[in-house]
Amino acid sequence: MVLDRLKQVASHVTGQTAPPHPFDPLSEVEIEKAVGIIRKDHSDVFFNAVTLWEPRKKEMMAWLANPEQNARPARKADVVCIAPGSKVYDGVVDLDEERIVSWAQTEGVQPLITMEDLQIVESVVRKDPKVIEQCGIIGIPPEDMYKVHCDPWTIGYDERFGTGVRLQQALMYYRPHVDDNQYTYPLDFCPIFNADKQEIIHIDIPKVRRPLNKAPPNNYHATSIEAEGGFRQDLKPINITQPEGVSFKMDGRIIDWQKWKFHIGFNYKEGLVLSNISFNDKGNERPIFWRISLAEMVVPYGNPEHPHQRKHAFDLGEYGGGYMTNSLSLGCDCKGAIHYMDAAFVNRAGQAQTIKNAICIHEEDAGILFKHTDFRDDACTVTRARKLIISQIFTAANYEYCVYWIFHQDGTIQLEIKLTGILNTYPMNDGEDLEGYGTEVYPGVNAHNHQHLFCMRIDPNIDGPNNTVFVADAARGAGEVGSKENYYGNAFYCKKTKLETQATGTSDYDGNTSRTWEMCNTSKLNPYSKKPVSYKLVSREVPPLLPKENSLVWKRAGFARHAIHVTKYNDDQIHPAGRHVPQTSGEPSQGLPAWLSAEPDASIADTDIVLWHTFGITHFPAPEDFPVMPAEPFSLLLRPRNFFTRNPCLDVPPSYCSVPSGVRQGNSLVDRISRLAFDGGNEGDKGEAKACCAK
Ligand code: ABN
Ligand code: CU
């Protein structure tokens with residue numbers, strides 16, 4: 001570390017830039033360097049992805065443990081290219097040695113669809129004579145074709161067309177006026193686009209036709225709300241001020257906040273990646289997670305009519321949570337003192353492009369951290385919490401996904417996701433029976449039932465890499481009422497079941513037993529509880545995958561078959577639905593099911609493991625979700641259990657503290673900015689907290 005720092009200082013003096021941290025995403029310069037190296041040998045390719053080839057864990061751990069003795073992991077680029085004839089190449093480029101390390105054609109796969117790929121489809125759709133004909137049938141004259149739009153999705157998988165040709169399905173809409181929300185005017189047919197030939201090869205037309213919706217526009221933009229009576233007038237400003245700046249420090253992309261330390265990475269598929277997460281426990285930097293990320297997601301729709309079975313977006317694996325990320329704006333997406341980070345990606349032509357303000361880092365007040373009043377003498381301690389939030393928002397066509405990685409002072413990590421944006425819609429006829437598979441959210445607009453299922457990849461490092469997962473269930477004590485062991489029948493305890501092998505290392509959610517999952521280091525016991533140090537996954541929004549066993553979604557999204565899968569660590573296992581997701585048939589299933597069946601008996605106990613957690617919501621749409629959905633939050637926690645010897649945040653300065661003796665307690669920390677909401681003439685109406693011994 002010291003040597004590295006010295007090198008960095010020296011490089012400042014010599015004008016050379018400091019070497020990036022091995023976990024840092026590739027810079028624009030590095031991306032274009034990788035492109036240049038590829039181009040020397042392969043001049044005819046287009047670029048689908050050029051991203052950090054992450055250092056192998058063993059090498060990285062060795063370097064972190066002793067950076068002076070051990071080699072710094074080389075900078076490498078993980079490259080996906082498309083050559084003429086839709087040939088896909090996967091390669092690795094060593095940026096230090098300036099050479100291609102590996103380069104091979106991968107047969108039978110389609111890499112993800114980029115925003116550039118998507119942009120082309122709409123103009124082709126509008127010009128296609130068969131699309132124009134279909135528009136005419138449902139009431140759109142040819143001269144209005146400029147008002148026709150489409151959301152081009154990957155085809156998912158369609159057995160009629162297979163995987164060989166790169167295909168997209170165009171979900172069709174109409175905008176009466178350029179500012180109207182097109183999701184009020186969905187069209188009933190679905191053209192299929194061949195990306196190689198840039199032409200429409202087929203149109204799926206339903207048996208029952210549904211003409212263009214005649215309802216008036218349903219918009220959410222400011223002019224339309226003004227026209228409908230205007231905005232609420234009773235909102236006073238709320239300002240968040242941090243007069244002395246933020247309480248976190250950044251060293252490159254390593255953040256240090258309230259005893260937490262970790263690296264903030266970002267890639268085109270997963271978006272945010274947090275690595276080497278540790279907590280300083282009384283001077284001892286204790287490792288907790290090696291790497292956490294959202295690794296995949298799937299949004300299956302529940303309407304049985306053809307071709308809606310194809311509507312099941314893998315928004316990360318098929319489009320890229322990083323590629324779709326928003327450029328965030330101050331005071332809108334996040335309020336307060338914000339530190340932003342940009343994200344650099346490659347474009348099709350091989351140029352580096354940057355999304356400004358892709359990552360937001362900020363602190364928020366987080367309510368009460370802890371409080372107690374002794375009722376007999378009013379002695380009181382109250383300590384306020386604050387949280388550190390690392391966030392990104394990505395737009396997946398109609399939907400917005402807001403991802404918040406939240407760090408708390410008590411050692412908890414929370415992942416919160418907010419869903420907003422617009423429902424995916426389909427037209428309906430007057431009085432049509434939707435058979436329970438959708439909801440009429442506005443006249444003529446059917447929003448199909450669907451699920452949002454996310455797969456979080458958790459690589460635990462709980463006081464070291466060798467960890468074990470236990471399923472923890474609240475269970476009644478044995479013995480009936482009147483029995484010797486449970487005479488009063490009131491006994492209950494936490495039943496722990498160890499997950500032993502990859503094949504048996506799955507678990508589903510059970511709300512009846514308040515099920516949680518504990519990642520433990522069984523070789524280290526808490527001195528008081530004598531239980532292994534652990535982090536517990538507390539996640540309560542865990543619906544089962546509703547598409548049935550052997551359905552297309554079940555086959556393609558193997559990760560969603562269980563809430564929990566545990567695998568033994570493998571550097572190459574990052575994407576639980578496979579590396580290239582578009583147009584996979586699920587026969588055989590890629591990703592998790594393949595890894596498990598390759599080594600069913602591999603031990604996952606007391607070894608380096610990865611826990612994969614699928615969670616999310618089942619969404620039955622309602623009119624309140626339209627024309628734009630109020631953000632729906634849900635979250636999960638990673639909580640220390642038997643990890644510390646006492647409440648780890650007692651040293652957070654209290655806002656207020658009094659003791660029965662009246663002895664002065666520290667310095668006054670009472671917030672002098674807060675005010676009473678209304679002048680009631682009461683004592684304290686100057687906004688100061690009640691008199692306390694600290695003053
Ligand atoms: N939700 C599917 C999707 C994402 C991005 C672009 C098109 C479609
Ligand atoms: Cu939804």
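What's counted below: heavy atoms across the whole structure, side chains too, no hydrogens, waters or symmetry copies. Numbering of ligands and ligand atoms starts at 1, following listing order. Source: prediction; values computed, not measured.
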Measure [X] to ligand 1 on non-hydrogen atoms and call it side chain, backbone, both or neither using the 4.0 Å cut-off.
X: Val299; answer: neither
X: Met324; answer: side chain
X: Ala396; answer: both

field: Gap separating the CD atom of Glu364 from the CD1 atom of Ile389, nearest 0.5 angstrom
entry: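 Here the rounded value is 3.5 Å.
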message: To the nearest 0.5 Å, what is the distance between CE on Met297 and CG on Leu453?
response: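 Rounded to the nearest 0.5 Å, the CE-CG separation comes to 8.5 Å.
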task: Compute the centroid of each ring, for Phe620 and then for His450, and state whether the two points are separated by less than 6.0 Å.
output: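 No, the ring centres sit 6.0 Å or more apart.
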message: Restricting to N, O or S, what is the name of the atom of His452 that lies nearest the Cu ion (ligand 2)?
response: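 When I compare the N, O and S atoms of His452, NE2 is nearest to the Cu ion (ligand 2).
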- prompt: Asp315: heavy atom below 4.0 Å from ligand 1, yes or no?
  reply: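 In this structure, Asp315 qualifies as a contact of ligand 1 - some heavy atom is under 4.0 Å.
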task: Please identify which atoms of ligand 1 are closer than 4.0 Å to at least one heavy atom of Ala313.
output: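 Heavy-atom distances to Ala313 below 4.0 Å select 1 (N), 2 (C).
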message: Closer than 4.0 Å to some heavy atom of Pro152 - which atoms of ligand 1 meet that?
response: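 Every atom of ligand 1 under 4.0 Å from some heavy atom of Pro152: 7 (C), 8 (C).
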- prompt: Within the stated cut-off of 2.8 Å, is an N/O/S atom of Tyr399 closer than that to the Cu ion (ligand 2)?
  reply: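 Looking at Tyr399, which is the residue asked about, there is an N, O or S atom under 2.8 Å from the Cu ion (ligand 2).
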4.5 Å side-chain heavy-atom contact, Val581 and Gln110: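 No; the side chains remain at least 4.5 Å from each other.
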message: Using a 3.5 Å distance criterion without hydrogens, assess whether the side chain of Tyr426 forms a donor-acceptor pair with backbone atoms of His448.
response: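 No, because the side chain of Tyr426 does not come within donor-acceptor range (under 3.5 Å) of the backbone of His448.
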